[in-house]
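Supplied in structure tokens, the structure appears directly below.
Chain letters run A, B, ... following the sequence lines, proteins first and then strands; every chain starts at 1.
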There are 2 protein chains.
Amino acid sequence: MARTAAETRELLADTALRLFREHGFDATTMRRIAAEAGVSIGNAYHHFAGKDELVQELYVRIQDEHRAVVEPRLVEGAPLADNLRSVLHAGLDVMSPYHGFGQTFLRIAVQPTSSASPFSADSAPARERALGLMRLAVDRSGTKVSPGLGARLPQLLWLTHLAVTLHWVTDTSLDQRRTRTLVDGLCPVVGRAIALSRLPVARGLTDQVLILLDSLSTDLADPATKESVS
Amino acid sequence: MARTAAETRELLADTALRLFREHGFDATTMRRIAAEAGVSIGNAYHHFAGKDELVQELYVRIQDEHRAVVEPRLVEGAPLADNLRSVLHAGLDVMSPYHGFGQTFLRIAVQPTSSASPFSADSAPARERALGLMRLAVDRSGTKVSPGLGARLPQLLWLTHLAVTLHWVTDTSLDQRRTRTLVDGLCPVVGRAIALSRLPVARGLTDQVLILLDSLSTDLADPATKESVS
DNA sequence: TCCTGCAGTTGAACGTGTTCAACTGCAGGC
DNA sequence: GCCTGCAGTTGAACACGTTCAACTGCAGGA
């Protein structure tokens with residue numbers, strides 16, 4: 001028997017993700033994942049630290065697919081609002097089959113101790129890729145942005161993406177149409193806000209927001225700030 | 001033996017909340033809660049549908065305490081930003097002892113099926129009270145707000161509160177100081193944004209935001225929209 | 001040929017949240 | 001005094017996620 005570790009790992013991930021899609025997260029037991037993959041329970045735990053880590057695998061795959069789907073859709077010179085709309089809708093498209101256990105997704109992502117948290121140091125590469133996608137949307141767009149805001153805009157849009165995802169998870173409407181509506185309404189608002197930020201009258205507010213974002217990104221960038229009681 | 005149902009229920013809730021505070025959520029087993037309360041496991045499940053429902057009990061108590069703590073702190077005629085700051089800091093004060101299982105808190109709150117979701121129809125009374133608190137902060141403040149925005153402002157501030165809470169849950173800094181910093185930076189920004197919204201140049205954006213909030217509150221108010229596949 | 005080491009694997013066992021059919025004891029009719 | 005109904009209670013039993021000491025089989029030296 002004894003495949004290579006990589007083979008068994010992928011076999012388990014594929015099986016688990018299929019069962020998650022077919023029966024949901026709770027109804028999919030580790031015993032069944034192992035059984036359908038043709039390995040023992042203990043072996044499954046040898047390759048994945050727990051059931052949660054199998055969801056992280058899905059997280060990674062979704063993100064890869066998101067980028068693959070959205071990149072061709074980003075139009076050079078289009079308004080930023082339009083490109084943002086493409087990114088957000090593409091994200092919803094990709095996540096769509098997994099709405100059933102979005103709550104599980106969130107439960108795992110929210111654990112500060114876990115490496116799955118979008119804010120954790122461990123997921124810095126994944127976060128950097130997500131930020132890179134937003135940066136691409138900004139760079140390709142024809143919308144004029146002040147340099148100061150331009151540097152922080154990807155981060156701001158990424159937070160927007162998180163907020164939309166949060167809404168999507170709790171969205172019980174048919175096919176999550178309400179989240180689609182939210183995206184369609186939100187993107188023009190973001191576009192207008194950015195346009196407004198260039199006016200002198202909004203300069204003070206814009207600067208304050210940038211400072212706030214700076215302090216937030218310090219949270220994300222500097223693991224040393226994670227000190228706890230000695 | 002056989003106390004009244006209300007007595008046993010409260011005894012269990014008190015015991016559970018004490019154990020949660022002392023040992024955290026995961027380390028507190030239903031068996032131990034029942035044992036320390038002097039009842040059987042089955043009895044505990046007779047009074048609470050599950051471990052999650054005991055956390056909902058905490059959710060209710062925290063909210064009551066939040067209102068009690070913050071109401072005296074709201075200053076008549078103060079800038080809205082100051083009153084908002086009081087509400088948010090008071091919220092953090094009250095939640096502070098329970099930061100350890102904030103993730104558990106969120107896990108339960110996020111389930112759309114559960115009645116614990118802040119967006120669910122079941123928690124409408126709790127949400128209404130939270131909104132009422134924000135309305136009070138707005139009404140007591142001396143900040144001038146356009147009527148259209150004024151009507152939606154409590155909802156907007158409530159969403160702000162949710163966002164801050166989300167940051168708090170994932171905040172690993174000592175005593176969650178970073179969230180405190182976030183609040184201190186965020187409140188002036190909100191104040192400035194509201195001031196800016198009154199200017200004619202921002203009228204279009206303000207209207208768009210209000211329309212967006214309208215569609216969001218339709219989500220919350222109208223349970224009929226929760227239809228799923230027939 | 002035998003031994004050693006190790007990557008890959010096994011499944012019984014543990015403690016968990018949760019369920020449920022059965023028990024207890026009291027209030028109130030007869 | 002006896003029966004009935006029911007609110008309150010019980011704990012064994014179930015399936016689950018997770019752990020871990022032990023097993024397998026092969027590669028590569030002696």
Worksheet item: Is the shortest distance from a Lys or Arg side-chain nitrogen in A/Arg180 or A/Asp175 to a carboxylate oxygen in the other one below 4.0 Å?
Response: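 A/Asp175 and A/Arg180: not salt-bridged.
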
Discussion item. Any strand counts, and the cut-off is 3.5 Å on both contacts for Watson-Crick or G-U wobble. Which nucleotide pairs with D/dA27?
Written reply: C/dT4

Worksheet item: Are A/Arg73 and A/Asp93 ion-paired here, with the side-chain N under 4.0 Å from a carboxylate O?
Response: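 Yes.
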
Worksheet item: Looking just at side-chain N and O atoms, do A/Asp171 and A/Thr179 make a donor-acceptor pair shorter than 3.5 Å?
Response: yes

Fill in: Between C/dC6 (C1') and A/His46 (NE2): distance, integer Å
11 Å

Discussion item. I'd like to know if A/Asp14 pairs up with A/Arg61 as an ion pair, taking the criterion as any Lys NZ or Arg NE/NH1/NH2 lying under 4.0 Å from an Asp or Glu carboxylate oxygen.
Written reply: yes

Give every pair of a protein N or O atom and an N or O atom of nucleotides 16-20 of chain D that lie under 3.5 Å apart, one pair per line with the distance.
{"unit_1": "D/dG17", "atom_1": "OP1", "unit_2": "A/Lys51", "atom_2": "NZ", "d": "2.8"}
{"unit_1": "D/dG17", "atom_1": "OP2", "unit_2": "A/Met30", "atom_2": "N", "d": "2.9"}
{"unit_1": "D/dG17", "atom_1": "N7", "unit_2": "A/Arg31", "atom_2": "NH1", "d": "2.7"}
{"unit_1": "D/dG17", "atom_1": "O6", "unit_2": "A/Arg31", "atom_2": "NH2", "d": "2.8"}
{"unit_1": "D/dT18", "atom_1": "OP2", "unit_2": "A/Tyr45", "atom_2": "OH", "d": "2.8"}
{"unit_1": "D/dT18", "atom_1": "OP2", "unit_2": "A/Lys51", "atom_2": "N", "d": "2.9"}
{"unit_1": "D/dT18", "atom_1": "O5'", "unit_2": "A/Tyr45", "atom_2": "OH", "d": "3.4"}

Practice prompt. Under 4.0 Å from any atom of DNA chain D, heavy atoms only: list the residues of residues 5-24 of chain B that qualify, in numerical order.
Written response: B/Ala5, B/Thr8

Discussion item. When you compare the side chain of A/His66 with that of A/Val87, does any pair of heavy atoms fall below 4.5 Å?
Written reply: yes

Item to complete: Using a strict 4.0 Å threshold on nitrogen-to-oxygen distance, state whether A/Arg3 and A/Glu10 make a salt bridge.
Response: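 Judged by the 4.0 Å cut-off on N to carboxylate O distance, A/Arg3 and A/Glu10 do not form a salt bridge.
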
Discussion item. In this structure, how many angstroms lie between the P atom of C/dT18 and the CG atom of B/Leu54, rounded?
Written reply: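 These atoms are roughly 9 Å apart.
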
Discussion item. Whether B/Arg3 contacts D/dA7 is assessed here as follows: a side-chain N or O lying under 4.0 Å from the phosphate OP1 or OP2. Is that the case?
Written reply: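 So the side chain of B/Arg3 is outside the cut-off, no N or O lying under 4.0 Å from OP1 or OP2 of D/dA7.
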
Worksheet item: Given A/His99, which of A/Phe25, A/Trp168, A/Phe105 fulfils the ring-ring contact (aromatic ring centres under 6.0 Å, His included) condition?
Response: A/Trp168

Fill in: Check: B/Val55 and B/Phe20 side chains under 4.5 Å, non-hydrogen atoms
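Result yes, sub-4.5 Å side-chain heavy-atom pair found.
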
